Amino acid sequence: MAEDLVLDTAIRDWVLIPLSVVMVLIGILRYFVSKLMRSSQVPDPKIVKEGQVIVRARNLRAGANFIPPKSFRSRRVYFSNEENGLLFVPKGQAQNAQAQMFSDPNMAMDMMKKNLSMIIPQTLTFAWVNFFFSGFVAAKIPFPLTQRFRSMLQNGIDLSTVDVSYVSSRSWYFLNLFGLRGLFSLILGEENAMDDTQRMMQMSGFGFDPAKSLSAEKDGLDIIQHEWALPKFEHRAEEVLKKLIR
Amino acid sequence: MAGHSDSSSSEKKSGEAMTDVPTFSAENLQNNMKVIYYSRTFMSITGGVIAGIFGFTGFVGFIFYFLVMTITSIGLIAKAKFSVHSYFDSWNRIILDGLMGGLMSFVLFWTFAYDIVHIF
């Protein structure tokens, strides 16, 4: 049944465009609000130290092949030595760090703020859409879907003979939600708007950072095999210089 | 480090294949990834609007999307002067990365343009 419904121009003017505009503006607003609300925490010196040790270990891993084997090995021992190596954290201390992370009120408040600033605009907008824009056909999606999607997409429309392509404004809201991510990354610089899942994973992972990542780095460092990448560099330098002279 | 940056183009050399162990400058590689992402997003938005204006429906629209993505890939490869391995670490990056992310933006703008032009 492909009868072509002719929809009122007023729907286009007062539903589609305002909804998209509102979502773009809310995204921009959220970006600026999150920038403003980023409370300046005084970084704990111990945590910063551990973070820097991790960065050093990572650099050693990355550049391992550019230093002679003996110096690489001596650096590795410095890091992963059992007694006084920097990466070695005794088990008892590891548990402590986790508990401290969770009971720290500042950290919890920060996480809460970030989560809320993500969830609240979405909830509000969804409620607004449901309240104002329900009960009529809002748009036609250009590709056909199976009947099973009908209940999801045609929420306010109570006719069952209408083609599944004609959707309600709720599905226009969801379409906007997913599709504007790309647009936000273009207009707001790096992709910092709307990466909800990524951001939540980051936030929940932060609490466990010190203990686990230290041992992870230590394991990584132990695994690495040293391959001396520079033995032929003298030949290469010779070739490059020869080319320059000619 | 065996990578050097070419400041006149927006893509930076991130790897040298001449050494025995291929090395990559992580920062340049990341920058190149970003360039691919932005190009694909922009092209998918534009492609969506074009598809909507033309009135493609159904399957043809998706084929058009993959066509636009292929053109983007070819453009990026041409910009990298066909020596893909000195800018990226594998073929898959330049061809497959960002394909699904662009799909949602494409569908949004396709629906939008199609409705504005054809239904209303």
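Everything numeric in this text was worked out from a predicted model, so none of it was measured. Order of the sequence lines fixes the chain letters, A, B, ..., with proteins taken first and strands second; residue numbering starts at 1 for each chain.
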Trainee: B:Ser105 side chain to A:Gly179 main-chain N or O, any donor-acceptor pair under 3.5 Å?
Mentor: yes
Trainee: Could you tell me which portion of B:Phe59 (side chain, backbone, both or neither) has an atom closer than 4.5 angstrom to a non-hydrogen atom of chain A?
Mentor: neither
Trainee: Taking atom CZ of B:Phe62 as the centre, does the number of heavy atoms from other residues, nucleotides or ligands within less than 6.0 Å exceed 12?
Mentor: yes
Trainee: Measuring from atom CG of A:Leu175 to atom CH2 of B:Trp110, what distance do you get when rounded to the nearest 0.5 angstrom?
Mentor: 11.0 Å
Trainee: When rounded to the nearest 0.5 angstrom, what is the spacing between CH2 in A:Trp172 and CG in B:Asp115?
Mentor: 6.5 Å
Trainee: Rounded to the nearest 0.5 Å, what's the gap from CE on B:Met104 to CG on A:Leu183? Could you check?
Mentor: 14.0 Å
Trainee: Write down the atom of B:Tyr38, the atom of A:Ser185, and the distance for their closest heavy-atom approach.
Mentor: CE2-O, 3.6 Å
Trainee: If you measure from CG on A:Leu180 to CG on B:Leu108, what distance do you get to the nearest 0.5 Å?
Mentor: 5.5 Å
Trainee: Would you say B:Phe112 and A:Ile17 make side-chain contact, with heavy atoms under 4.5 Å?
Mentor: yes
Trainee: For atom CZ of B:Phe54, is the number of surrounding heavy atoms from other residues, nucleotides or ligands below 6.0 Å larger than 12?
Mentor: no
